[in-house]
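In what follows, a single structure is set out as structure tokens and then discussed.
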Amino acid sequence: MMKQVRVRFAPSPTGYLHIGGARTALFNWLFTRQNNGRFVLRIEDTDSERLKEDSVKQILDSLKWLGLDWDEGPGKGGDFGPYYQSQRQDFYAAAAETLRKSGKAYYCFCTEEELAKERESQRQKGLSLRYSGKCRDLSDAKVRERLAQGLKPVLRIKLPVSGQIVVRDLIRGAVTFQYEELDDFIIMKSNGLPAYNFACVVDDHAMKISHVIRAEEHLSNTPKQQFLYEALGYALPQFAHLSMILAPDRSKLSKRHGATSVSEFKDLGCLPEAIINYLTLLGWSPSEEQGEILSSEQTISSFSLDKVSKTAAVYDLQKLIWLNGQYMMKYDLEQLVAHAVPFLMQAGIISGELEAEQKHDYLCSVINVLRARVKTLPELAEACRYFFQDVVDYEEKGQKKYFFKQEDVETLLAQGRERLAKVEDFDIENTEKAYRDLIEELQIKGGQLIHPTRLALTGRTVSPGLFEVMVLLGKERCLERLAQAIRFIKATKAEKEEV
RNA sequence: GGCCCGGUGGUCAAGUGGUUAAGACACGGCCCUUUCAAGGCUGCGACACGGGUUCAACUCCCGUCCGGGUCACCA
């Protein structure tokens with residue numbers, strides 16, 4: 001029988017969840033869901049100085065919003081908790097003590113200043129930066145003496161001085177490291193807390209993690225961790241290192257590159273499914289028949305780690321936005337409206353949840369005709385404006401083109417208005433027929449009437465189909481806005497003549 | 001700088017010792033059309049470079065170059 005698949009996502013709560021982290025979480029999640037495994041969420045909060053208030057909450061919120069649910073961890077519990085490293089001190093202390101007693105780890109009394117100096121000199125000589133091993137062979141007596149003096153040592157692992165260690169990576173294959181390149185790294189800090197590589201190994205083992213799927217930046221940590229597994233007598237998990245996501249200039253992602261966190265993409269008006277889909281495509285590719293637009297269920301069934309790309313990927317906002325547009329078109333309408341409401345409120349188009357509820361059906365109809373024409377939620381909100389608010393001005397370019405270029409547009413609009421006024425059932429067929437008839441009678445091109453009308457009704461040169469707009473606006477508002485535009489045109493012309 | 005991982009169009013990304021080297025986004029054109037989208041068709045555009053190995057290399061090997069990662073009492 002196969003061992004149960006258990007994977008973990010182990011963020012450090014030092015900020016928001018960025019897209020690199022989100023993709024790591026996603027690939028872990030896909031892998032678990034595919035293998036009926038368990039997805040563990042563990043918070044790596046051993047460095048109190050770098051912790052950020054609220055960061056855990058932000059990360060959890062982002063994961064939830066994306067739909068990446070975990071089986072064990074904060075808010076869920078589980079048989080292998082606690083799931084905060086800050087609460088797992090006993091595990092680390094016990095494992096550390098085992099290593100120290102068996103001589104596999106030793107106390108080191110070197111101060112941070114000394115170590116920094118050492119590194120500086122190595123740097124200048126162009127050597128690799130490694131601990132000298134000064135305390136490696138301190139006698140027991142010396143150790144006792146210094147402890148008695150009240151010195152607080154760190155605990156270092158004792159590594160072989162030669163030979164090599166081979167990491168078997170599911171994505172990259174065998175990767176060999178020489179022990180000469182590694183040094184006796186710290187496993188317990190002088191404050192008694194575990195260092196990352198150590199805590200990680202102790203926890204991954206205690207939590208029975210079968211596959212460690214993480215970002216490539218950890219590849220060079222892996223030989224160290226692997227050595228710890230061996231020293232502690234733990235069985236090795238499988239490792240898979242995901243390539244990095246880079247900014248458009250191929251540098252590491254940072255704030256200066258614009259939106260990089262999940263919450264920022266949310267604010268930009270992206271749908272969670274679109275982000276998931278985009279991230280899926282960054283480093284993994286579906287079969288040709290599947291196409292690129294996939295639900296996470298579809299991805300789960302065909303996902304595989306060995307098809308994951310080794311190459312770092314530059315993320316492309318344009319494609320994300322395009323995907324988002326695709327999702328907006330096909331999204332469940334009710335849900336799309338729910339996602340849009342906050343943006344409508346933000347744009348001042350509706351006053352609040354209450355109004356959204358009262359006008360729910362209308363909102364659905366409006367959004368339905370708009371959804372294929374926009375790519376993000378803020379765009380959608382803006383496109384809704386004239387359906388909810390009066391037209392206060394007309395696009396400058398539109399005025400020139402449609403109000404003042406042809407002669408007598410006001411007369412034309414007035415005629416259109418008259419015809420509309422006579423329409424009983426104000427639906428698409430009838431309004432269109434009314435207009436088409438007039439167009440034919442006057443022997444003009446459709447656009448000559450349609451464009452000015454659009455501008456009159458929406459204030460804009462771009463909108464959904466004119467008759468859809470008319471119907472949504474309703475007869476009364478159409479007649480009003482037409483009258484308003486006619487007054488505007490006349491007034492403007494009069495003004496010009498005076499000058 | 002040492003070590004590690006990479007390098008297919010601008011971006012994502014298939015792919016094989018022999019192919020016209022897929023597809024998607026973006027970009028250009030055309031169609032549809034009341035505008036804008038959507039949709040359909042079409043075009044532009046790539047195997048980093050240099051050596052090998054081989055009948056044959058984008059594919060295998062070596063070197064160079066380029067990019068990234070890492071070398072903390074951060075994770």
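Numbers restart at 1 for each chain; the letters A, B, ... are given by sequence-line order, proteins then strands. Fair warning: this is a prediction, and the values are worked out from it, not measured in the lab. Every heavy atom of this structure was used, including side-chain atoms; hydrogens, water molecules and symmetry mates were not.
- Residue A/Glu44 is classed as a sugar-phosphate contact, given heavy-atom separations below 4.0 Å to backbone atoms only.
- Using a 4.0 Å heavy-atom distance criterion, A/Thr46 is classed as a sugar-phosphate-only contact.
- With RNA chain B read from its 5' end, the first of the two nearest nucleotides for A/Ile171 and A/Ser251 is the one closest to A/Ile171.
- An OP1 or OP2 oxygen of B/rC74 is reached within less than 4.0 angstrom by a side-chain nitrogen or oxygen of A/Lys189.
- When heavy atoms are screened at a 4.0 angstrom cut-off, A/Leu281 is found touching the sugar-phosphate backbone but no base atom.
- Dashed line: the shortest gap from a side-chain N or O of A/Ser220 to OP1 or OP2 of B/rC3 is not under 4.0 Å.
- The nearest pair of heavy atoms linking A/Val391 to A/Leu457 is CG2-O, 3.3 Å.
- Between A/Arg454 and the phosphate of B/rC36, there is no side-chain N or O to OP1/OP2 separation shorter than 4.0 Å.
- The main-chain N or O of A/Ala247 is never found under 3.5 Å from a side-chain atom of A/Ser251 such that the two would form a donor-acceptor pair.
- As a whole-Å value, the separation of A/Arg373 CZ from B/rG39 P is 12 Å.
- Dashed line: the shortest gap from a side-chain N or O of A/Lys310 to OP1 or OP2 of B/rG7 is not under 4.0 Å.
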Listing, residues 191-199 of chain A side-chain donor-acceptor contacts under 3.5 Å, not counting sequence neighbours, or none:
unit_1: A/Asn191; atom_1: OD1; unit_2: A/Leu193; atom_2: N; d: 2.9
unit_1: A/Tyr196; atom_1: OH; unit_2: A/His218; atom_2: ND1; d: 3.1

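- Remark: C1' of B/rC4 and CD of A/Gln226 are 14 Å apart, rounded to the nearest angstrom.
- In this structure, a donor-acceptor pair under 3.5 Å is absent between the side chains of A/Gln225 and A/Thr222.
- Taking side-chain N and O atoms only, A/Gln85 has no distance below 4.0 Å to OP1 or OP2 of B/rC74.
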Nucleotide pairing, RNA chain B (Watson-Crick or G-U, distances under 3.5 Å), in dot-bracket with [ ] and |
(((((((..(((.....[....))).(((((.......)))))....(((((..]....))))))))))))....
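- Note on A/Glu382 versus A/Arg385: salt bridge recorded, some NZ/NE/NH1/NH2 to OD/OE distance being below 4.0 Å.
- Rounded to an integer number of Å, the gap from NZ of A/Lys445 to C1' of B/rU35 is 14 Å.
- Within the structure, the side chain to side chain donor-acceptor pair (under 3.5 Å) test picks out the following pairs touching residues 155-177 of chain A (sequence neighbours left out): A/Asp169-A/His241.
- Between A/Arg119 and B/rC73 there is a side-chain polar atom (N or O) within less than 4.0 angstrom of OP1 or OP2.
- Separating the CD atom of A/Glu468 from the C1' atom of B/rU35 is a distance of 12 Å, rounded to the nearest angstrom.
- Counting to the nearest Å, the P atom of B/rC4 and the CD atom of A/Gln164 are 11 Å from each other.
- For A/Ser86 and A/Asp45, the side-chain atoms include at least one donor-acceptor pair closer than 3.5 Å.
- Atom CD of A/Gln225 is separated from atom C1' of B/rU70 by 13 Å (rounded to the nearest Å).
- Rounded to an integer number of Å, the gap from CD of A/Glu288 to P of B/rA14 is 12 Å.
- One can find a donor-acceptor pair under 3.5 Å joining the base of B/rC73 and the side-chain atoms of A/Ser190.
- Here A/Ser285 lies in heavy-atom contact (under 4.0 Å) with sugar-phosphate atoms only.
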